[in-house]
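See below for the structure under consideration.
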Amino acid sequence: MSFSNVNQNRIAAEIVDRTSGPQRWTDYRWQLKHSIRDIDTFSRLTGIIFPSDRRERLEQTLKKFPLSITPYYLSLIDRDDYKNDPVFKQSFPDIRELQISRYDMHDPLFEDRDSPVKGITHRYPDRVLMLLNSTCSMYCRHCTRKRQVGDPEAVLTHEEIEAALDYIRDVQQIRDVLLSGGDPLMLDDSFLDWILGRLRQIPHVEVIRIGSRMPAVLPYRVTDQLVQTLRKHHPLWLNTHFNHPCELNPPASAALARLADAGIPLGNQTVLLAGVNDCPRIMRRLFHKLVQNRVRPYYLYQCDMSEGLSHFRTPVGKGIEIIESLIGHTSGFAVPTYVIDAPGGGGKIPVMPNYLISWSTNKVVLRNYEGVITTYKEPDSYEPIFCDRNCNECRLQLDLDDAEEYNVTGIEKLLSDFDDAVSFTPAHTDRLERQEQREREHE
Ligand SMILES: *Cc1c(COP(=O)(O)O)cnc(C)c1O
Ligand code: SF4
(Lines give C-alpha, C1' and ligand atoms only; values in the text may rest on other atoms or scores of the structure.)
(Ligands and ions follow the chains in the order given, each with its own letter.)
Protein backbone atom coordinates (compact mmCIF):
# COMPACT_ATOMS: atom_id res chain seq x y z
CA MET A 1 0.00 0.00 0.00
CA SER A 2 1.40 3.40 -0.83
CA PHE A 3 0.55 7.00 -0.20
CA SER A 4 -1.88 7.95 -2.87
CA ASN A 5 -2.42 11.39 -4.34
CA VAL A 6 -5.12 9.87 -6.48
CA ASN A 7 -7.18 9.12 -3.36
CA GLN A 8 -6.49 12.59 -2.04
CA ASN A 9 -7.60 14.38 -5.15
CA ARG A 10 -10.69 12.27 -5.56
CA ILE A 11 -11.81 12.70 -1.94
CA ALA A 12 -11.08 16.42 -1.97
CA ALA A 13 -12.98 16.90 -5.23
CA GLU A 14 -15.91 14.90 -3.90
CA ILE A 15 -16.07 16.96 -0.67
CA VAL A 16 -15.85 20.23 -2.58
CA ASP A 17 -18.62 19.14 -4.91
CA ARG A 18 -20.97 18.95 -1.96
CA THR A 19 -19.79 22.04 -0.11
CA SER A 20 -19.19 25.53 -1.29
CA GLY A 21 -15.83 27.23 -1.05
CA PRO A 22 -12.39 26.52 -2.38
CA GLN A 23 -10.56 23.29 -1.81
CA ARG A 24 -7.96 23.67 0.89
CA TRP A 25 -6.66 20.18 1.47
CA THR A 26 -3.60 21.24 3.46
CA ASP A 27 -5.55 23.65 5.68
CA TYR A 28 -6.13 21.79 8.92
CA ARG A 29 -9.29 23.78 9.69
CA TRP A 30 -10.75 22.65 6.38
CA GLN A 31 -9.78 19.07 7.28
CA LEU A 32 -11.44 19.35 10.70
CA LYS A 33 -14.56 20.88 9.22
CA HIS A 34 -14.87 18.11 6.66
CA SER A 35 -13.98 15.18 8.89
CA ILE A 36 -16.07 12.13 8.13
CA ARG A 37 -18.49 11.59 11.00
CA ASP A 38 -21.14 9.24 9.63
CA ILE A 39 -21.29 6.05 7.64
CA ASP A 40 -23.17 7.56 4.69
CA THR A 41 -20.44 10.10 4.06
CA PHE A 42 -17.83 7.38 4.51
CA SER A 43 -19.56 5.23 1.90
CA ARG A 44 -20.03 8.13 -0.47
CA LEU A 45 -16.38 9.14 -0.34
CA THR A 46 -14.87 5.67 -0.48
CA GLY A 47 -17.44 3.72 -2.46
CA ILE A 48 -17.39 1.12 0.33
CA ILE A 49 -20.99 0.04 0.95
CA PHE A 50 -22.22 -2.14 3.84
CA PRO A 51 -25.24 -4.46 3.77
CA SER A 52 -28.17 -3.08 5.75
CA ASP A 53 -27.99 -5.52 8.71
CA ARG A 54 -24.31 -4.73 9.18
CA ARG A 55 -25.05 -1.03 8.75
CA GLU A 56 -27.49 -1.15 11.63
CA ARG A 57 -24.96 -2.70 13.97
CA LEU A 58 -22.30 -0.26 12.87
CA GLU A 59 -24.66 2.59 13.76
CA GLN A 60 -24.94 1.05 17.24
CA THR A 61 -21.18 1.21 17.71
CA LEU A 62 -21.28 4.93 16.92
CA LYS A 63 -23.68 5.47 19.81
CA LYS A 64 -20.99 4.13 22.14
CA PHE A 65 -18.03 5.90 20.56
CA PRO A 66 -18.19 8.48 17.79
CA LEU A 67 -16.73 8.19 14.32
CA SER A 68 -14.39 10.85 13.03
CA ILE A 69 -11.86 10.45 10.25
CA THR A 70 -10.02 13.38 8.71
CA PRO A 71 -10.15 13.47 4.90
CA TYR A 72 -6.35 13.15 5.01
CA TYR A 73 -6.42 9.94 7.08
CA LEU A 74 -9.27 8.61 4.95
CA SER A 75 -7.14 9.09 1.85
CA LEU A 76 -4.63 6.57 3.24
CA ILE A 77 -7.18 3.74 3.09
CA ASP A 78 -6.66 1.27 0.30
CA ARG A 79 -10.19 0.92 -1.05
CA ASP A 80 -9.44 -2.27 -2.93
CA ASP A 81 -8.34 -4.12 0.18
CA TYR A 82 -10.03 -2.12 2.91
CA LYS A 83 -10.84 -5.17 5.03
CA ASN A 84 -7.14 -5.69 5.69
CA ASP A 85 -6.22 -2.05 5.74
CA PRO A 86 -4.50 -0.84 8.95
CA VAL A 87 -5.88 2.69 8.58
CA PHE A 88 -9.42 1.42 8.04
CA LYS A 89 -9.17 -0.91 11.03
CA GLN A 90 -7.95 1.85 13.32
CA SER A 91 -10.51 4.43 12.29
CA PHE A 92 -13.67 2.64 11.17
CA PRO A 93 -15.93 0.88 13.70
CA ASP A 94 -16.17 -2.88 13.95
CA ILE A 95 -19.33 -4.56 15.18
CA ARG A 96 -17.15 -6.53 17.62
CA GLU A 97 -16.88 -3.30 19.61
CA LEU A 98 -20.34 -4.15 20.91
CA GLN A 99 -19.08 -7.33 22.59
CA ILE A 100 -18.14 -6.76 26.20
CA SER A 101 -16.16 -9.69 27.62
CA ARG A 102 -16.25 -10.43 31.34
CA TYR A 103 -12.71 -9.13 31.73
CA ASP A 104 -13.37 -5.78 30.06
CA MET A 105 -13.48 -2.77 32.32
CA HIS A 106 -14.90 0.69 32.01
CA ASP A 107 -11.81 2.34 33.48
CA PRO A 108 -9.18 -0.42 33.62
CA LEU A 109 -6.37 1.94 34.59
CA PHE A 110 -8.32 3.56 37.44
CA GLU A 111 -7.51 6.96 35.98
CA ASP A 112 -10.65 8.39 37.54
CA ARG A 113 -9.74 7.09 40.99
CA ASP A 114 -6.24 8.59 40.84
CA SER A 115 -7.67 11.99 40.05
CA PRO A 116 -7.23 14.51 42.87
CA VAL A 117 -8.94 17.31 40.91
CA LYS A 118 -10.85 17.25 37.64
CA GLY A 119 -8.48 17.04 34.68
CA ILE A 120 -5.49 15.67 36.61
CA THR A 121 -4.39 12.05 37.05
CA HIS A 122 -1.64 11.83 39.62
CA ARG A 123 -0.29 8.30 39.76
CA TYR A 124 3.49 8.53 39.82
CA PRO A 125 5.43 10.55 42.43
CA ASP A 126 6.89 13.26 40.22
CA ARG A 127 4.62 13.63 37.21
CA VAL A 128 0.98 14.13 36.33
CA LEU A 129 -1.32 13.65 33.39
CA MET A 130 -3.40 16.71 32.54
CA LEU A 131 -6.50 16.15 30.40
CA LEU A 132 -7.87 19.45 29.07
CA ASN A 133 -10.22 18.38 26.30
CA SER A 134 -11.86 15.18 25.08
CA THR A 135 -11.92 15.63 21.35
CA CYS A 136 -9.61 14.27 18.67
CA SER A 137 -9.53 14.84 14.92
CA MET A 138 -9.67 11.07 14.38
CA TYR A 139 -11.12 8.72 16.97
CA CYS A 140 -8.98 5.61 17.27
CA ARG A 141 -11.23 2.61 17.61
CA HIS A 142 -8.65 1.16 20.03
CA CYS A 143 -8.66 4.22 22.31
CA THR A 144 -8.18 3.22 25.93
CA ARG A 145 -10.08 6.30 27.11
CA LYS A 146 -13.21 5.57 25.11
CA ARG A 147 -15.27 6.27 28.21
CA GLN A 148 -14.38 9.95 28.23
CA VAL A 149 -13.00 10.78 24.80
CA GLY A 150 -15.31 12.05 22.07
CA ASP A 151 -17.55 14.29 24.14
CA PRO A 152 -17.10 17.82 22.78
CA GLU A 153 -18.84 19.19 25.87
CA ALA A 154 -16.27 17.68 28.22
CA VAL A 155 -13.85 20.59 28.12
CA LEU A 156 -12.55 21.87 31.42
CA THR A 157 -14.08 25.17 32.46
CA HIS A 158 -11.85 28.09 33.26
CA GLU A 159 -12.32 27.48 37.00
CA GLU A 160 -11.47 23.80 36.62
CA ILE A 161 -8.29 24.64 34.75
CA GLU A 162 -7.32 27.08 37.48
CA ALA A 163 -7.98 24.38 40.11
CA ALA A 164 -5.80 21.92 38.17
CA LEU A 165 -3.01 24.50 37.92
CA ASP A 166 -3.36 25.18 41.67
CA TYR A 167 -2.92 21.50 42.37
CA ILE A 168 0.28 21.36 40.30
CA ARG A 169 1.53 24.52 41.99
CA ASP A 170 0.82 23.10 45.45
CA VAL A 171 2.51 19.74 44.95
CA GLN A 172 6.24 20.49 44.87
CA GLN A 173 7.20 16.99 43.71
CA ILE A 174 5.59 17.45 40.29
CA ARG A 175 8.43 18.11 37.88
CA ASP A 176 6.85 16.77 34.66
CA VAL A 177 3.39 17.65 33.32
CA LEU A 178 1.98 15.58 30.50
CA LEU A 179 -0.78 17.21 28.47
CA SER A 180 -2.99 14.56 26.95
CA GLY A 181 -6.66 14.16 26.18
CA GLY A 182 -8.30 13.87 23.82
CA ASP A 183 -5.75 15.50 21.62
CA PRO A 184 -4.31 18.70 23.12
CA LEU A 185 -3.48 19.95 19.62
CA MET A 186 -7.24 20.28 19.03
CA LEU A 187 -6.91 23.39 21.21
CA ASP A 188 -6.04 26.55 19.34
CA ASP A 189 -2.59 28.08 19.35
CA SER A 190 -3.43 31.01 21.60
CA PHE A 191 -4.93 28.74 24.25
CA LEU A 192 -1.92 26.41 24.08
CA ASP A 193 0.36 29.41 24.43
CA TRP A 194 -1.59 30.50 27.50
CA ILE A 195 -1.68 27.11 29.26
CA LEU A 196 1.98 26.32 28.50
CA GLY A 197 2.94 29.77 29.78
CA ARG A 198 0.98 29.20 32.98
CA LEU A 199 2.70 25.85 33.53
CA ARG A 200 6.08 27.41 32.83
CA GLN A 201 5.50 29.94 35.60
CA ILE A 202 5.50 27.11 38.15
CA PRO A 203 9.14 26.85 39.26
CA HIS A 204 9.19 23.10 40.04
CA VAL A 205 7.72 22.09 36.64
CA GLU A 206 10.93 21.15 34.86
CA VAL A 207 9.51 19.64 31.68
CA ILE A 208 6.23 19.73 29.83
CA ARG A 209 5.12 16.96 27.52
CA ILE A 210 2.40 16.89 24.89
CA GLY A 211 0.83 13.65 23.69
CA SER A 212 -0.75 14.08 20.25
CA ARG A 213 -1.79 11.91 17.36
CA MET A 214 -1.94 14.85 14.96
CA PRO A 215 1.33 14.09 13.10
CA ALA A 216 -0.22 10.75 12.10
CA VAL A 217 -3.85 11.67 11.45
CA LEU A 218 -3.75 15.39 10.57
CA PRO A 219 -0.14 16.42 9.93
CA TYR A 220 -1.27 19.80 8.54
CA ARG A 221 -2.09 20.81 12.11
CA VAL A 222 1.66 21.17 12.65
CA THR A 223 1.88 24.64 11.16
CA ASP A 224 4.79 27.04 11.44
CA GLN A 225 2.68 29.10 13.81
CA LEU A 226 2.03 26.11 16.09
CA VAL A 227 5.71 25.24 16.15
CA GLN A 228 6.65 28.85 16.95
CA THR A 229 4.20 28.74 19.85
CA LEU A 230 5.48 25.44 21.24
CA ARG A 231 9.16 26.33 21.05
CA LYS A 232 8.59 29.35 23.30
CA HIS A 233 7.97 26.97 26.18
CA HIS A 234 11.04 24.74 26.14
CA PRO A 235 11.96 22.27 27.53
CA LEU A 236 8.95 20.76 25.81
CA TRP A 237 8.75 17.17 24.60
CA LEU A 238 6.18 15.67 22.27
CA ASN A 239 5.04 12.09 22.05
CA THR A 240 3.08 11.03 19.05
CA HIS A 241 1.24 7.83 18.12
CA PHE A 242 2.08 5.97 14.91
CA ASN A 243 1.02 2.34 14.70
CA HIS A 244 1.85 1.29 11.16
CA PRO A 245 4.57 2.26 8.66
CA CYS A 246 1.90 3.26 6.11
CA GLU A 247 1.05 6.23 8.34
CA LEU A 248 4.54 7.65 7.85
CA ASN A 249 4.23 9.26 4.44
CA PRO A 250 5.46 12.65 3.13
CA PRO A 251 2.98 14.97 4.92
CA ALA A 252 3.62 13.18 8.23
CA SER A 253 7.38 13.36 7.71
CA ALA A 254 7.14 17.09 7.00
CA ALA A 255 5.20 17.64 10.25
CA LEU A 256 7.75 15.66 12.25
CA ALA A 257 10.62 17.56 10.63
CA ARG A 258 9.06 20.91 11.60
CA LEU A 259 8.74 19.76 15.21
CA ALA A 260 12.27 18.31 15.34
CA ASP A 261 13.73 21.44 13.74
CA ALA A 262 12.15 23.45 16.56
CA GLY A 263 14.25 21.43 19.00
CA ILE A 264 11.32 19.43 20.33
CA PRO A 265 12.47 15.93 21.31
CA LEU A 266 10.06 13.48 19.69
CA GLY A 267 8.91 10.13 21.01
CA ASN A 268 6.34 7.66 19.76
CA GLN A 269 3.86 5.42 21.53
CA THR A 270 2.62 2.45 19.55
CA VAL A 271 -0.26 0.21 20.59
CA LEU A 272 0.09 -3.46 19.73
CA LEU A 273 -3.08 -4.21 17.75
CA ALA A 274 -4.27 -7.56 16.41
CA GLY A 275 -4.69 -7.42 12.66
CA VAL A 276 -2.93 -4.05 12.39
CA ASN A 277 0.68 -4.40 13.50
CA ASP A 278 1.06 -7.72 15.33
CA CYS A 279 4.02 -8.72 13.18
CA PRO A 280 7.75 -8.32 13.90
CA ARG A 281 8.47 -7.22 10.32
CA ILE A 282 5.81 -4.49 10.33
CA MET A 283 7.03 -3.26 13.69
CA ARG A 284 10.65 -3.17 12.61
CA ARG A 285 9.72 -1.20 9.51
CA LEU A 286 7.68 1.22 11.65
CA PHE A 287 10.47 1.81 14.17
CA HIS A 288 13.06 2.24 11.43
CA LYS A 289 10.91 4.81 9.68
CA LEU A 290 10.34 6.63 12.97
CA VAL A 291 14.05 7.00 13.71
CA GLN A 292 14.61 8.16 10.12
CA ASN A 293 12.17 10.92 11.00
CA ARG A 294 14.06 11.72 14.21
CA VAL A 295 11.38 10.11 16.38
CA ARG A 296 12.50 7.79 19.17
CA PRO A 297 10.20 4.78 19.67
CA TYR A 298 9.30 5.26 23.35
CA TYR A 299 6.64 2.75 24.39
CA LEU A 300 5.01 -0.26 22.81
CA TYR A 301 1.75 -0.74 24.69
CA GLN A 302 -0.04 -3.96 25.29
CA CYS A 303 -3.68 -3.19 24.36
CA ASP A 304 -5.69 -2.34 27.48
CA MET A 305 -8.68 -4.24 28.81
CA SER A 306 -11.11 -1.40 28.10
CA GLU A 307 -14.65 -2.27 27.01
CA GLY A 308 -15.05 -3.23 23.39
CA LEU A 309 -11.36 -3.66 22.59
CA SER A 310 -11.14 -7.48 22.84
CA HIS A 311 -10.82 -7.91 19.07
CA PHE A 312 -7.67 -5.75 19.15
CA ARG A 313 -5.94 -7.61 21.99
CA THR A 314 -3.04 -10.04 21.45
CA PRO A 315 -1.30 -12.44 23.83
CA VAL A 316 1.64 -10.85 25.71
CA GLY A 317 3.87 -13.39 23.96
CA LYS A 318 3.32 -11.49 20.70
CA GLY A 319 4.86 -8.37 22.21
CA ILE A 320 7.80 -10.30 23.65
CA GLU A 321 8.35 -11.95 20.28
CA ILE A 322 8.44 -8.49 18.68
CA ILE A 323 10.94 -7.14 21.22
CA GLU A 324 13.05 -10.29 20.79
CA SER A 325 13.18 -9.55 17.06
CA LEU A 326 14.49 -6.05 17.73
CA ILE A 327 17.00 -6.10 20.59
CA GLY A 328 20.46 -6.73 19.16
CA HIS A 329 19.07 -6.98 15.64
CA THR A 330 18.71 -3.24 15.23
CA SER A 331 19.82 0.09 16.71
CA GLY A 332 19.18 0.35 20.42
CA PHE A 333 17.30 3.60 19.97
CA ALA A 334 14.88 1.95 17.56
CA VAL A 335 13.64 -0.38 20.31
CA PRO A 336 10.76 0.87 22.48
CA THR A 337 10.03 -0.32 25.98
CA TYR A 338 7.18 -2.83 25.88
CA VAL A 339 4.74 -2.07 28.70
CA ILE A 340 1.52 -3.40 30.14
CA ASP A 341 -0.50 -0.69 31.85
CA ALA A 342 -1.53 -2.58 34.98
CA PRO A 343 -5.28 -3.01 35.35
CA GLY A 344 -6.25 -1.51 38.67
CA GLY A 345 -4.01 1.52 38.42
CA GLY A 346 -0.56 0.00 38.97
CA GLY A 347 0.87 2.02 36.12
CA LYS A 348 3.08 0.85 33.29
CA ILE A 349 4.99 -2.36 33.86
CA PRO A 350 7.85 -3.11 31.46
CA VAL A 351 8.10 -6.65 30.12
CA MET A 352 11.05 -8.12 28.26
CA PRO A 353 12.47 -11.38 27.04
CA ASN A 354 14.79 -12.90 29.68
CA TYR A 355 18.49 -12.35 29.11
CA LEU A 356 19.72 -13.37 32.56
CA ILE A 357 19.69 -17.16 32.50
CA SER A 358 21.25 -18.02 35.82
CA TRP A 359 23.66 -16.82 38.48
CA SER A 360 25.80 -17.89 41.41
CA THR A 361 27.63 -15.88 44.09
CA ASN A 362 30.34 -14.81 41.68
CA LYS A 363 29.02 -15.27 38.16
CA VAL A 364 26.02 -14.50 36.07
CA VAL A 365 25.07 -16.44 32.96
CA LEU A 366 23.57 -14.42 30.14
CA ARG A 367 22.39 -15.05 26.62
CA ASN A 368 22.44 -12.60 23.73
CA TYR A 369 20.05 -12.12 20.79
CA GLU A 370 21.92 -14.76 18.74
CA GLY A 371 21.58 -17.38 21.43
CA VAL A 372 25.22 -17.08 22.49
CA ILE A 373 25.49 -18.03 26.15
CA THR A 374 28.12 -16.18 28.10
CA THR A 375 29.24 -15.50 31.65
CA TYR A 376 30.01 -12.30 33.44
CA LYS A 377 32.40 -12.77 36.32
CA GLU A 378 31.55 -10.51 39.21
CA PRO A 379 34.34 -8.61 41.01
CA ASP A 380 36.22 -10.53 43.73
CA SER A 381 36.14 -7.57 45.98
CA TYR A 382 33.57 -4.90 45.94
CA GLU A 383 33.24 -2.57 48.82
CA PRO A 384 29.55 -2.01 49.21
CA ILE A 385 28.46 1.48 50.07
CA PHE A 386 25.93 1.39 52.83
CA CYS A 387 23.99 4.56 52.48
CA ASP A 388 22.73 6.25 55.60
CA ARG A 389 21.94 9.35 53.59
CA ASN A 390 24.79 11.23 55.20
CA CYS A 391 26.56 12.44 52.11
CA ASN A 392 29.09 14.44 54.06
CA GLU A 393 30.60 11.23 55.38
CA CYS A 394 30.23 9.17 52.27
CA ARG A 395 33.30 8.86 50.08
CA LEU A 396 31.15 9.45 46.99
CA GLN A 397 30.46 13.06 46.18
CA LEU A 398 26.97 14.39 45.93
CA ASP A 399 26.31 18.07 45.91
CA LEU A 400 23.28 18.31 48.15
CA ASP A 401 22.45 21.82 47.04
CA ASP A 402 21.26 20.38 43.81
CA ALA A 403 20.14 17.01 45.07
CA GLU A 404 16.50 16.89 45.85
CA GLU A 405 15.66 14.94 48.99
CA TYR A 406 13.05 12.30 48.26
CA ASN A 407 11.27 9.51 50.04
CA VAL A 408 12.00 6.01 48.89
CA THR A 409 8.96 4.01 47.92
CA GLY A 410 8.25 0.64 46.42
CA ILE A 411 10.91 -1.94 45.75
CA GLU A 412 13.56 0.78 46.01
CA LYS A 413 12.57 1.05 49.68
CA LEU A 414 13.13 -2.69 50.23
CA LEU A 415 16.57 -2.41 48.67
CA SER A 416 17.71 0.63 50.64
CA ASP A 417 19.97 0.38 53.68
CA PHE A 418 18.52 3.29 55.60
CA ASP A 419 14.96 2.02 55.70
CA ASP A 420 13.86 -0.80 57.99
CA ALA A 421 11.20 -2.26 55.70
CA VAL A 422 11.83 -5.93 54.96
CA SER A 423 8.59 -6.93 53.28
CA PHE A 424 5.35 -5.71 51.80
CA THR A 425 2.17 -7.58 52.65
CA PRO A 426 -1.19 -7.08 50.96
CA ALA A 427 -3.64 -5.31 53.28
CA HIS A 428 -6.05 -8.23 53.26
CA THR A 429 -4.87 -11.81 53.49
CA ASP A 430 -6.54 -14.75 55.20
CA ARG A 431 -3.46 -15.12 57.38
CA LEU A 432 -3.71 -11.53 58.64
CA GLU A 433 -7.39 -11.89 59.25
CA ARG A 434 -6.77 -15.02 61.35
CA GLN A 435 -4.15 -13.13 63.35
CA GLU A 436 -6.56 -10.29 63.99
CA GLN A 437 -9.30 -12.71 64.92
CA ARG A 438 -7.01 -14.39 67.50
CA GLU A 439 -5.95 -11.04 68.91
CA ARG A 440 -9.57 -10.02 69.31
CA GLU A 441 -10.35 -13.27 71.07
CA HIS A 442 -7.50 -12.80 73.54
CA GLU A 443 -8.58 -9.31 74.48
C1 LIG B 1 1.89 7.03 31.25
C2 LIG B 1 1.55 7.90 32.33
C3 LIG B 1 2.44 8.89 32.77
C4 LIG B 1 3.82 9.07 32.15
O5 LIG B 1 4.61 7.96 32.38
P6 LIG B 1 6.09 7.88 31.80
O7 LIG B 1 6.52 6.49 32.06
O8 LIG B 1 6.87 8.90 32.56
O9 LIG B 1 6.02 8.22 30.35
C10 LIG B 1 2.07 9.67 33.83
N11 LIG B 1 0.88 9.52 34.44
C12 LIG B 1 -0.01 8.58 34.04
C13 LIG B 1 -1.29 8.44 34.76
C14 LIG B 1 0.30 7.75 32.97
O15 LIG B 1 -0.58 6.82 32.57
S1 SF4 C 1 -5.85 10.18 19.55
FE2 SF4 C 1 -5.53 9.27 21.58
S3 SF4 C 1 -7.22 10.03 22.88
FE4 SF4 C 1 -7.77 10.40 20.71
S5 SF4 C 1 -8.97 8.60 20.12
FE6 SF4 C 1 -6.84 8.21 19.54
S7 SF4 C 1 -5.98 7.08 21.32
FE8 SF4 C 1 -7.89 8.08 22.02
Side-chain angles (χ1 to χ4, degrees), residues 32 35 37 64-70 73 87 89-93 97 107-116 119-152 154 168 171 173-187 206-219 221 237-243 247 265 267-273 276 296-304 306 308-309 312 336-350:
L32 287 173
S35 287
R37 294 174 182 278
K64 300 195 81 177
F65 190 59
L67 166 75
S68 177
I69 314 177
T70 59
Y73 202 59
V87 170
K89 288 185 183 177
Q90 290 182 74
S91 58
F92 194 80
E97 288 174 33
D107 174 20
L109 310 180
F110 281 22
E111 288 190 321
D112 299 344
R113 274 195 224 180
D114 281 341
S115 175
I120 298 275
T121 301
H122 190 180
R123 167 162 309 146
Y124 299 104
D126 69 341
R127 54 207 189 280
V128 291
L129 198 62
M130 193 175 190
L131 311 174
L132 296 169
N133 60 307
S134 305
T135 54
C136 301
S137 58
M138 191 285 278
Y139 290 116
C140 312
R141 302 320 294 183
H142 56 271
C143 180
T144 189
R145 296 206 189 103
K146 274 186 164 179
R147 72 187 184 287
Q148 38 177 233
V149 160
D151 177 3
I168 297 172
V171 185
Q173 292 95 307
I174 300 172
R175 41 160 292 286
D176 176 2
V177 176
L178 168 47
L179 295 182
S180 183
D183 195 320
L185 295 188
M186 289 296 275
L187 302 164
E206 295 172 3
V207 290
I208 303 174
R209 288 195 259 178
I210 290 180
S212 171
R213 217 184 162 186
M214 286 291 187
V217 297
L218 182 48
R221 173 66 185 95
W237 295 55
L238 190 139
N239 266 345
T240 181
H241 175 175
F242 284 88
N243 288 331
E247 296 168 334
N268 184 73
Q269 325 208 123
T270 296
V271 187
L272 177 53
L273 297 169
V276 173
R296 167 82 156 91
Y298 180 53
Y299 282 140
L300 171 64
Y301 283 94
Q302 177 67 11
C303 184
D304 286 325
S306 295
L309 299 191
F312 279 126
T337 305
Y338 175 41
V339 292
I340 304 180
D341 219 331
K348 300 175 187 72
I349 300 175

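Starting from 1, each residue takes its place in the sequence as its number. Both ligands and their constituent atoms are indexed starting at 1 by order of listing.
At least one side-chain heavy atom of L131 sits under 4.5 Å from a side-chain heavy atom of Q148. In this structure, R37 and S68 have side chains that are in contact, with non-hydrogen atoms separated by less than 4.5 Å. Residues L178 and W237 are not in side-chain contact: their nearest non-hydrogen atoms beyond the backbone lie 4.5 Å or more apart. Looking at heavy atoms from C-beta onward, T240 lies out of side-chain contact with S212 at the 4.5 angstrom threshold.
Between G211 and P184, the shortest heavy-atom distance links the atoms O-CD, 3.0 Å. Residues R127 and H122 share a closest heavy-atom pair of O-CD2, 3.6 Å. Nearest heavy-atom pair across C303 and V271 is CA-CG1, 4.2 Å. Scanning both residues, P336 and Y299, for their nearest heavy atoms gives CB-C, 3.8 Å. Nearest approach of T270 to N243, heavy atoms of both residues: CA-OD1, 3.4 Å.
Listed by number with element, the atoms of ligand 1 under 4.0 Å from a non-hydrogen atom of L129 are 13 (C). Taking every non-hydrogen atom of T121 and a distance limit under 4.0 Å, the qualifying atoms of ligand 1 come out as 13 (C).
Within the structure, ligand 1 has R209 among the residues with a heavy atom less than 4.0 angstrom away.
With a heavy-atom cut-off of 4.0 Å, L178 touches ligand 1 through its side chain alone. Of the heavy atoms in M130, none comes closer than 4.0 Å to ligand 1. By the criterion of a heavy-atom distance under 4.0 Å, the side chain of R127, and not its backbone, is placed next to ligand 1.
Closest to atom 2 (C) of ligand 1, if we only count protein heavy atoms, is K348 NZ, 2.4 Å. Of the protein's heavy atoms, Y124 CE1, 3.9 Å lies nearest to atom 12 (C) of ligand 1. Atom 9 (O) of ligand 1 has as its closest protein heavy atom Y298 OH, 2.5 Å. Nearest to atom 7 (O) of ligand 1 among the protein's heavy atoms is Y299 OH, 2.5 Å.
Between R123 and D114 there is a salt bridge, since a side-chain N of the basic residue sits under 4.0 Å from a carboxylate O of the acidic one. Taking the charged nitrogens against the carboxylate oxygens, E97 and R141 do have a contact shorter than 4.0 Å, which makes a salt bridge.
In this structure, atom 6 (Fe) of ligand 2 has a protein heavy-atom contact shorter than 4.0 Å.
Of all protein N/O/S atoms, those under 2.8 Å from atom 4 (Fe) of ligand 2 are C136 SG, and waters are not counted.
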